Each structure stands twice: as C-alpha cells, then as structure tokens.
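Treat the numbers as computed from the prediction; the structure is a model and nothing was measured.
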Amino acid sequence: MLIRALIVLLIALNLGAAAWWISRPAPPPPPLPAMPQDAARLQLLSEAASTSVAPPAPLVTTPVAAPAEPAVAVVVPSPQCFSLGPFADAVAANAAATRLGKLATRPHPREVPGKNASGYNVYLPPSADRDAAQAVAQRIGAAGFDDYLVINSGELANGIALGRYRSRESAERRLSSLQAGGFPAQLQAIGDEGAAQWWLDLAAANG
C-alpha cells in the first residue's frame, strides 16, 4: 500500500508542475542593443505618415563634353621601283641619276651584257713553255678544280682551257671561283657578243 501511495503522489506532483509550466506568463523580450548617438532611427510606415516629408533635392546636371574627333591617319604612298635606259655606258647612266636629283632615291647603274655570243670560254693565258703550263695545270687540280686542259696549238698554246659555257652567267661563276682560288682566269666570248647595255635602277614616288 505504501508503494502505491508513493506512485500516486509522484503523478500528482508531475501534473501540478505541468500545469504551472503551461499557465506561467511569457517571458519579456530581450532589450534592444544600445544605438550610437549619431545613428538614424528606423521609422514605421505609420510614423512616417504623420511626419512631413522634405522635398527631394533638385538634380544637378553636369554637361558632358562632346567626344573628340578621331585622328585621321595620313597614308604616305610607298615608293615604286623603276628601271631607266638603256644607256650606252655607265657614265651616261650616272649622269641621268645626277639629273634626276631628289626625284629618285637609291639609284644604281646595272650592266646587261650583249646576248648575241654563241658561248663563252674560261681560260688561263699561255705560260712561258709546256712545262710551266703543266705545272700550273697540276696546281689547278690540287686546288680541287676539274675540267681543265693544256692547250697545244693556236694563239693560246700553252694556255689552259677551263671550260666552255653557253650562258655568260655560268661562265662568270666559273671565273669567280677560279679567281678566288688564286688563278688569273679570263673570259672570252665566242662569236659576236654585241654591245653591253646599261640601265639605271631607282626608287621614286608613283607618277
């Protein structure tokens, strides 16, 4: 009986505590944090309606400067290349360049050989005798050159033939390589080569 009475007492105490918790008043809201003295206070809409609203400040318009006109690029025409001629010799071509003066820049005389020759021989002039010619021929071979022959007869006897070419350009390349190797080679046109012509290459403004 004692245990049952204790259980009933505990139930009564719990019911009393629950009733007190439900019926107790709500706790007051926490206080608002302190505001700085110079801070503006928010107003409710109802409060704002009761106060006079100051008219908005007039807008100040700042004049905008007009955009600057774009710079116009001046296009300078590039010079054109020209060839003047033909002239009889280099003296006449240089005289023409002098007469042009500032109208032309970078004048350069250019020789154009005649085109009527049937071929070109590259050779070494005759030596004093056959033995000297043979010695020169051995030196040519030792220097790495081929296509050479000691001439036996004619006005170039004891000379050394170093090649025959159809174009002057090929003959001049052979001539330059031999002269660079220390051999005084010469060039001879076969047939009538015709007179060389001179041209004046220059740069000038168009027109």
Side-chain angles (χ1 to χ4, degrees), residues 1-85 93-94 96-112 141-147 163 165-182 198-207:
M1 289 295 288
L2 181 59
I3 296 175
R4 185 178 299 177
L6 290 175
I7 293 173
V8 173
L9 179 61
L10 289 175
I11 293 173
L13 291 175
N14 287 331
L15 291 175
W20 174 82
W21 182 264
I22 294 173
S23 61
R24 70 183 180 87
L32 296 176
M35 298 291 292
Q37 295 181 358
D38 56 349
R41 189 177 66 86
L42 296 177
Q43 287 185 343
L44 298 177
L45 183 60
S46 59
E47 295 175 348
S50 62
T51 59
S52 60
V53 180
L59 297 177
V60 179
T61 58
T62 303
V64 180
E69 295 183 359
V72 179
V74 179
V75 179
V76 179
S78 58
Q80 303 281 330
C81 295
F82 298 93
S83 292
L84 302 182
N94 288 322
T98 302
R99 288 195 300 271
L100 287 172
K102 296 182 178 180
L103 295 177
T105 58
R106 303 190 299 271
H108 176 69
R110 172 171 53 90
E111 182 185 9
V112 178
F145 294 99
D146 54 5
D147 192 15
Y165 301 89
R166 298 188 61 180
S167 67
R168 185 182 181 94
E169 291 78 9
S170 300
E172 288 178 345
R173 285 196 297 268
R174 173 73 165 178
L175 181 71
S176 299
S177 62
L178 287 162
Q179 290 177 347
W198 286 83
W199 292 77
L200 184 64
D201 297 333
L202 51 87
N206 192 13

Item to check | Any side-chain heavy-atom pair of Leu6 and Leu10 under 4.5 Å | outcome: no
Item to check | Least distance between heavy atoms, Leu200 atom then Pro107 atom | outcome: CD1-CB, 4.1 Å
Checklist outcome for this item: Here the pair of heavy atoms bringing Gly163 nearest to Asp147 is CA-OD2, 3.8 Å
Item to check | Any side-chain donor near an acceptor of the partner, Ser170 and Arg173, under 3.5 Å | outcome: yes
Checklist entry - With Ile3, which residues qualify under side-chain contact (heavy atoms from CB on, under 4.5 Å), at least two apart? => result Ile7
